Student: 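Submitted below is the structure of interest, expressed as structure tokens.
Remember, it's a predicted structure, so these values are computed and weren't measured experimentally. Chain letters run A, B, ... following the sequence lines, proteins first, then strands; residues in each count from 1.
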Amino acid sequence: MYLNLHFITFSLSLRWEEERYTDGSKWRFLEHKGPVFAPPYEPLPDNVRFFYDGKAMKLSESAEEVATFFAKMLDHEYTTKDIFRKNFFKDWRKEMTSEEKSKITDLNKCNFREMSEYFKAQTEARKQMTKEEKLKIKEENERIVQEYGFCLMDNHKERIGNFRIEPPGLFRGRGDHPKMGMLKRRIRPEDIIINCSKDSKHPKPPPGTRWKEVRHDNKVTWLVSWTENIQGSIKYIMLNPSSRIKGEKDWQKYETARQLKKCVERIRAQYHEDWKSKEMRIRQRAVALYFIDKLALRAGNEKEEGETADTVGCCSLRVEHIKLYPELDGQDYVVEFDFLGKDSIRYYNKIPVEKRVFKNLQLFMESKQPEDDLFDRLNTSILNKHLQELMEGLTAKVFRTYNASITLQQQLKQLTSPEENAPAKILSYNRANRAVNLTKKSMQNLQTKIDAKKQQLSAAKKELKSAKVDAKTMHDEKSRKALETKKKAVARLSDQLMKLEVQATDREENKQIALGTSKLNYLDPRISVAWCKKWGVGIEKIYNKTQREKFAWAIDMADEDFEF
DNA sequence: AACTGAACTTAGAAGAGAACGG
DNA sequence: CCGTTCTCTTCTAAGTTCAGTT
């Protein structure tokens with residue numbers, strides 16, 4: 001019932017939008033209950049001890065809390081990394097009393113084992129709870145969601161995406177992040193800015209506290225914000241993807257991509273021309289745009305050095321990230337890319353390019369150091385300004401959306417045969433989906449794992465051989481035992497290798513992650529909806545519940561002859 | 001044009017829950 | 001039925017874009 005209501009008003013609001021919100025306002029009425037704060041720290045029982053230099057030591061509450069953050073991560077690779085340990089220890093010391101500070105001077109002498117065991121036991125106990133106990137917790141959670149998980153925006157009850165404030169903990173950056181291990185501090189009501197409409201019932205801060213600010217800004221979509229202490233950036237509480245405001249935005253995004261479809265050939269012709277320009281900046285712009293279009297590279301903003309992991313996108317590529325081969329494996333003008341992109345995911349690719357692109361790249365690299373920018377006359381704002389002139393609303397990321405969506409549509413047309421049955425149809429859909437393949441990431445990672453495993457295996461085999469020799473010559477208990485261990489190691493490793501190889505051949509499986517991302521963010525859902533309607537395939541075969549909620553606008557809107 | 005901050009989208013990791021196989 | 005595996009959900013980091021300021 002709620003869903004129906006939702007649809008009706010949603011389509012109405014589409015019709016209204018132009019009249020009603022031309023001033024850039026996002027809503028008229030907004031009411032919510034504010035955020036849910038992280039539960040307060042519960043001190044450890046006395047039998048769970050911390051040891052320093054072999055001796056038990058009772059920590060002050062604030063030092064203990066931070067210690068538990070580390071203890072909870074003890075099994076994680078992070079805690080072995082130097083930067084993580086250094087950052088953690090520095091921030092931990094800030095939470096210590098002066099006495100603790102003078103005693104605890106070396107992280108290597110800290111023993112968090114009992115704490116770690118205690119938390120593991122707790123997790124285990126939670127798993128072992130009876131059905132009734134679990135149900136009780138579930139109901140309590142449900143109650144919180146009912147109270148805090150929804151808001152009222154312009155006469156609609158909408159789900160909120162993240163209504164819980166991020167709990168304190170240790171910062172986990174991705175890749176080689178210089179700030180990993182730093183203490184993410186606890187957020188208090190005094191840090192919180194509330195956004196709601198004046199005429200709404202304002203959320204109340206917890207007893208005895210106050211909000212930092214209550215504002216009424218209807219030019220933005222967020223309900224709650226605070227400033228995070230690691231990077232100093234602002235965090236927001238916003239609505240769920242199923243909400244009207246997010247759905248409209250998503251729809252708009254795909255409409256822009258469809259606009260691009262109409263003029264992409266013109267734009268391509270233009271950048272081909274620009275490869276010949278007299279001006280360096282125009283050539284660089286044209287080559288970068290070619291990469292973005294052809295390889296689905298991200299725009300690549302410049303980043304502050306030392307604040308984040310060293311990753312790049314198109315505009316921020318450096319000379320060291322590409323290699324030029326006038327000829328390679330029988331192909332002419334091959335460019336090899338090797339760099340870390342978003343989330344420090346490695347991008348590795350070899351592609352043949354037009355001679356003109358190749359010559360341009362040679363020119364851009366001339367008399368530069370490896371760490372110099374490849375496109376020294378270009379950045380994302382220059383590029384996007386140019387794109388804006390080529391088409392209203394065009395930015396670098398539209399190319400990813402456009403290319404992913406158009407490929408899905410083409411592949412679906414090509415791969416679906418009318419006579420095949422329902423399961424075969426779904427297989428065709430998955431194949432089409434797979435063809436989109438924005439990134440070779442998971443394959444790449446798997447191959448690295450396989451290579452590593454092969455190496456381990458051959459090393460283990462060598463050891464086994466020498467152990468065999470030892471056992472034969474010595475005939476003693478010790479060498480016989482050693483032989484057994486080696487045998488087991490080889491068996492284990494070859495088992496693991498086999499598993500990995502099976503995974504690798506199972507294409508379905510290992511592109512799942514990249515697939516999920518493109519399904520959620522790059523593929524116009526109306527293409528899939530239309531396909532389902534055309535072939536009588538249930539939409540739930542393609543989209544799970546969450547996805548159907550997010551794409552409700554498309555399910556409602558697209559009929560079987562929708563064309564991207 | 002360069003810089004900065006704000007707002008919003010995109011992303012993988014981790015945790016929770018459902019399904020599967022012995 | 002229970003442990004394992006697969007799938008979905010949640011969490012929050014890491015991008016892009018845009019607007020305002022110098």
Student: If each of A/L394 and A/R172 is mapped to the nucleotide of DNA chain C with the nearest heavy atom, which maps nearer the 5' terminus, i.e. the 5' end?
Tutor: A/R172

Student: Out of the candidates A/H177, A/H76, A/M180, A/K184, only one should pair with A/R172 under the side-chain contact (heavy atoms from CB on, under 4.5 Å) rule; please name it.
Tutor: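 Per the side-chain contact (heavy atoms from CB on, under 4.5 Å) rule, the option paired with A/R172 is A/H76, out of A/H177, A/H76, A/M180, A/K184.
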
Student: Which nucleotide wins on minimum distance to the side chain of A/K342, given the candidates C/dT16, C/dA13, C/dA14?
Tutor: C/dA14

Student: Within less than 4.0 Å of OP1 or OP2 of B/dA6, is there a side-chain N or O belonging to A/S225?
Tutor: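 No, because none of the side-chain N or O atoms of A/S225 sits under 4.0 Å from OP1 or OP2 of B/dA6.
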
Student: What is the distance from NZ of A/K550 to P of C/dT9, rounded to the nearest Å?
Tutor: 13 Å

Student: Any donor-acceptor pair, under 3.5 Å, between the side chain of A/K253 and the base of B/dT9, if you only look at N and O atoms?
Tutor: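 By the distance-only test, no, there is no pair.
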
Student: Looking at A/D274 and A/R281, is any side-chain nitrogen of the basic one under 4.0 Å from a carboxylate oxygen of the acidic one?
Tutor: no

Student: Need one value for A/G161: base, sugar-phosphate or nothing, where a base atom within 4.0 Å counts as base even if backbone is also close, heavy atoms only.
Tutor: nothing

Student: The side chain of A/K235 lies closest to which of these nucleotides: B/dA6, C/dA14, C/dA13?
Tutor: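 From the listed options, C/dA13 comes nearest.
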
Student: Salt bridge check: are A/E389 and A/K385 linked by an N-O gap of less than 4.0 Å?
Tutor: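 Not counted as a salt bridge, because no side-chain N and carboxylate O are separated by less than 4.0 Å.
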
Student: Between B/dG12, C/dT16, B/dC8, which nucleotide gets closest to the side-chain atoms of A/N301?
Tutor: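 So the nucleotide nearest the side chain must be C/dT16.
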
Student: Nearest whole Å is fine: how far is B/dA6 P from A/Q231 CD?
Tutor: 15 Å

Student: What's the closest nucleotide to the side chain of A/N521 if the choices are B/dC8, C/dT17, B/dT10?
Tutor: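 The answer is B/dT10.
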
Student: Rounded to the nearest angstrom, tell me the gap between atom CD1 in A/I193 and atom P in B/dG5.
Tutor: 15 Å

Student: Looking at A/E228 and A/R185, is there a salt bridge between them, counting it only when a charged N and a carboxylate O are closer than 4.0 Å?
Tutor: no

Student: Any base atoms under 4.0 Å from A/P167, or only sugar-phosphate, or nothing? Heavy atoms, all strands.
Tutor: sugar-phosphate

Student: Can you check the A/I237 CD1 to C/dT12 P distance for me, whole Å?
Tutor: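 Taking atom P of C/dT12 as the reference, CD1 of A/I237 is at 11 Å.
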
Student: Give the nucleotide from the list C/dT16, C/dC8, C/dC18 with an atom nearest to the side chain of A/T546.
Tutor: C/dC8

Student: In whole angstrom, what separates A/E302's CD from B/dA2's P?
Tutor: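 After rounding, the gap between these two atoms is 9 Å.
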
Student: For C/dG15, does either OP1 or OP2 sit under 4.0 Å from a side-chain N or O belonging to A/K397?
Tutor: no

Student: C/dT17 P sits how many Å from A/F399 CZ, rounded?
Tutor: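 Taking atom P of C/dT17 as the reference, CZ of A/F399 is at 11 Å.
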
Student: Hey, does A/G341 reach any base, or is it just sugar-phosphate, or nothing, if we go heavy atoms under 4.0 Å?
Tutor: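 Since only primed, P, OP1 and OP2 atoms lie under 4.0 Å of A/G341, the category is sugar-phosphate.
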
Student: Rounded to whole Å, please give me the gap between CG in A/N544 and P in B/dG17.
Tutor: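 In whole Å, B/dG17 P lies 16 Å from A/N544 CG.
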
Student: Measuring from A/I237:CD1 to A/T221:OG1, what's the distance to the nearest 0.5 Å?
Tutor: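 Here the rounded value is 12.0 Å.
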
Student: Without decimals, in angstroms, what is the distance between A/L297 CG and C/dG15 P?
Tutor: 14 Å

Student: Can you tell me which nucleotide in C/dT16, B/dT9, C/dA14 comes closest to the side chain of A/F171?
Tutor: C/dA14

Student: Looking at C/dC11, B/dA7, C/dT16, which one has an atom nearest to any side-chain atom of A/V220?
Tutor: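 Of the options given, the side chain of A/V220 lies nearest B/dA7.
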
Student: Can we say A/K120 and A/D75 salt-bridge, meaning some charged N sits less than 4.0 Å from an Asp/Glu carboxylate O?
Tutor: yes

Student: Using heavy-atom distances to pick each residue's nearest nucleotide on DNA chain B, tell me which of A/K249 and A/K385 is more 5'.
Tutor: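 Checking each residue's closest nucleotide, the 5'-ward one belongs to A/K385.
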
Student: Within 45° of the axis and under 6.0 Å from the centre of the six-membered ring of A/F171, does NZ or CZ of A/K179 qualify?
Tutor: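 No - A/K179 does not lie over the ring of A/F171 by the 6.0 Å and 45° rule.
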
Student: Is there a donor and acceptor pair, one atom on the side chain of A/R174 and one on the base of B/dG12, closer than 3.5 Å?
Tutor: yes

Student: Could you please name the option among B/dA11, B/dC8, C/dT10 that lies closest to any side-chain atom of A/Y236?
Tutor: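 Within the option list, the nearest is B/dC8.
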
Student: Start at the 5' end of DNA chain B and walk down; is the nucleotide closest to A/T221 or to A/R298 reached first?
Tutor: A/T221

Student: Between C/dG15, C/dT17, B/dT9, spot the one nearest the side chain of A/T395, thanks.
Tutor: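 It is C/dT17.
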
Student: When all nucleic acid strands are considered with a 4.0 Å heavy-atom cut-off, which category describes A/K184: base, sugar-phosphate, or nothing?
Tutor: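 Since only primed, P, OP1 and OP2 atoms lie under 4.0 Å of A/K184, the category is sugar-phosphate.
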
Student: Please work out if A/A309 contacts a base, only the sugar-phosphate, or nothing of the nucleic acid, heavy-atom cut-off 4.0 Å.
Tutor: nothing

Student: Taking the nucleotide of DNA chain C with the closest heavy atom to each, which residue, A/T380 or A/H177, is nearer the 5' end?
Tutor: A/H177

Student: Compare the minimum distances between each of B/dT9, B/dA7, B/dA11 and the side chain of A/D343, then state the nucleotide with the smallest one.
Tutor: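 The nucleotide sitting nearest to the side chain is B/dA11.
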
Student: Taking only the side-chain nitrogens and oxygens of A/N162, find out if one of them lies under 4.0 Å from OP1 or OP2 of C/dC11.
Tutor: no

Student: Tell me what A/T311 touches on the nucleic acid: a base, only sugar-phosphate, or nothing, going by heavy atoms under 4.0 Å.
Tutor: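 Sugar-phosphate contact only.
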
